[in-house]
Amino acid sequence: MWKEITREEIARILTEFGLEFDDFTVSVFSSGHINMTYRIDISKDGALDSFVLQCINTYVFRAPELMMNNIAKVTEHMSARLTEAGLDPYRKVLHFLKSKSGKNYTYGEEGHFWRCYDLVDNARTYDSVEDLSVLESAGRAFGNFQKLLSDFPMDTLVDTIPHFHNTRRRLRTFFAMVDEDPYHRAQYCQEEIEFFREHRKSACCLIEQLNKGVLPLRVTHNDTKYNNILIDDETKEAICVLDLDTVMPGLAAYDFGDAIRFAACTAAEDERDLSLVKLDLESYEAFTRGFIGGADGFFTEAEIESMAWGALNITIELAARFLEDYLCGDKYFKTHRKDHNLDRARAQIQLARDMEKNFDFMVETVRKYAK
Ligand code: GN1
Ligand code: MG
């Protein structure tokens, strides 16, 4: 997917987005597994300005124009709600640049799909948690994100990746890949495959509750990794939710759970030493306090009860996605070393096992802050 992107191409794209410059610098800007993200610093007549330029992975996002349309609607809605509440949306909602043809994206060479937004200054993302109060603030921001979108007309959103967090389908395609085993790699992960056989039913419990109408669909973020939230350098408050590519109807518990999976783990997502991989209970509690507080009482009782399951189910779902990608030759997630997806899957399985050990605590902690 990623052919060499030249400086000339970037210059042309910047011009297409109406930017004028005497010079500019480019640096790779994110640890995301899907898109390519660059920070661009431009100078013009002695003045400096900074932007984030992204090349979208169109293997993953097959209809990027529709995705950008979703994002335009969602950012407009959030800005309007914040303004109504007397708050300034500046720095709280991403602002995408329009291209010369008036779209919030443009095409480059070889069909590359580009978008560009203003860099929010004096703020940054973190790949791991350094401070529990910052994590609590991230929780509040993700909880509040759902609240802000709670009156958004859900049926106007397209599914940017159909069935994205349908765990049942995810496991079905996983087992189909195990059967196909095109790279003869299943022999190296028999124990892991067994884990999914054992958990296949329980991992789908929330999807079943959704289908039965016990849990409501919400407009959710669907990729609530800690590094998808901007933290203000000075106040250390989470100010802006990033990476809106997968904003779609979904389960609140999966947003809660995906954040827990990433931020309340004692090790990195791809840690090879599995003895280091555990659920960090203090982080779990801090994020929960923020998230439930940020949603400000709008979750139903069934949703509150579903949160801990969301963490467990999405951890298992992602483990299956990583292992499926390993089996099919590493086509989806960017990898940086041999067997990277296998390592990621193993770490997620280990985390899921530790969540099971701490499950009563997880359920009780959510209840405590929902009172
Ligand atoms: C991907 O792009 P990034 O790194 O924020 C993935 C998520 C996974 C995550 C695991 C569109 O997110 O679903 O949870 O990697 N995004 C997509 O780190 O598949
Ligand atoms: Mg993403």
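Whatever order the structure lists them in is the order used to number ligands and atoms, beginning at 1.
- Heavy-atom contacts of Y332 reach the following atoms of ligand 1: 11 (C), 17 (C), 19 (O) (cutoff under 4.0 Å).
- When heavy-atom distances to ligand 1 are checked against a 4.0 Å cut-off, N222 has no atom that comes that close, whether in backbone or side chain.
- Cation-pi check for R185 over Y188 is not met; the charged atom does not lie both under 6.0 angstrom from the ring centroid and within 45 degrees of its normal.
- Hydrophobic clustering, with ILVMFWY side chains joined whenever heavy atoms are under 4.5 angstrom apart, keeps L148 apart from Y90.
- Remark: ligand 1 and K225 share an N or O pair separated by less than 3.5 Å (distance only, no angle test).
- Residue L318 has at least one heavy-atom neighbour below 4.0 Å for each of these atoms of ligand 1: 8 (C), 10 (C), 14 (O).
- Which parts of ligand 1 touch G32 is read off a 4.0 Å heavy-atom cut-off, strictly below it: atoms 4 (O).
- Taking the six-membered ring for Trp and thresholds of 30 and 60 degrees, F21 and F24 have ring planes more than 60 degrees apart, a perpendicular arrangement.
- Near E269, meaning under 4.0 Å from any of its heavy atoms, are these atoms of ligand 1: 10 (C), 18 (O).
- When heavy-atom distances to ligand 1 are checked against a 4.0 Å cut-off, I34 comes that close through both its backbone and its side chain.
- Relative ring orientation between F361 and Y284 is described as tilted, the plane-to-plane angle lying within the 30° to 60° band.
- Looking at H165 next to ligand 1, no N or O pair under 3.5 Å apart turns up.
- For N122 and E234, the side-chain atoms include no donor-acceptor pair closer than 3.5 Å.
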Begin from the C-alpha positions of W114 and Y38 and carry the test side-chain contact (heavy atoms from CB on, under 4.5 Å) through to its verdict.
CA-CA 11 Å; W114 293 93; Y38 304 94; 4.0 Å; yes
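- Within ligand 1, counting atoms from 1 as listed, the ones closer than 4.0 Å to a heavy atom of N228 are 5 (O).
- Only the side chain of F61 comes within 4.0 Å of ligand 1, counting heavy atoms alone; its backbone N, CA, C and O stay farther away.
- A tilted orientation is assigned to the rings of F291 and F256, their planes being inclined by 30° to 60°.
- Ligand 1 has an N or O atom lying under 3.5 Å from an N or O atom of D243, backbone or side chain.
- Between H77 and F152, the gap from one ring centroid to the other is short of 6.0 Å.
- At a 4.0 Å cut-off, not a single heavy atom of F262 sits close enough to ligand 1 to count as contact.
- Under 3.5 Å, the side chains of H340 and D330 contain no donor-acceptor pair of N or O atoms.
- Considering each of R344, Q348, R261, K334, the one bringing a non-hydrogen atom nearest atom 14 (O) of ligand 1 is R261.
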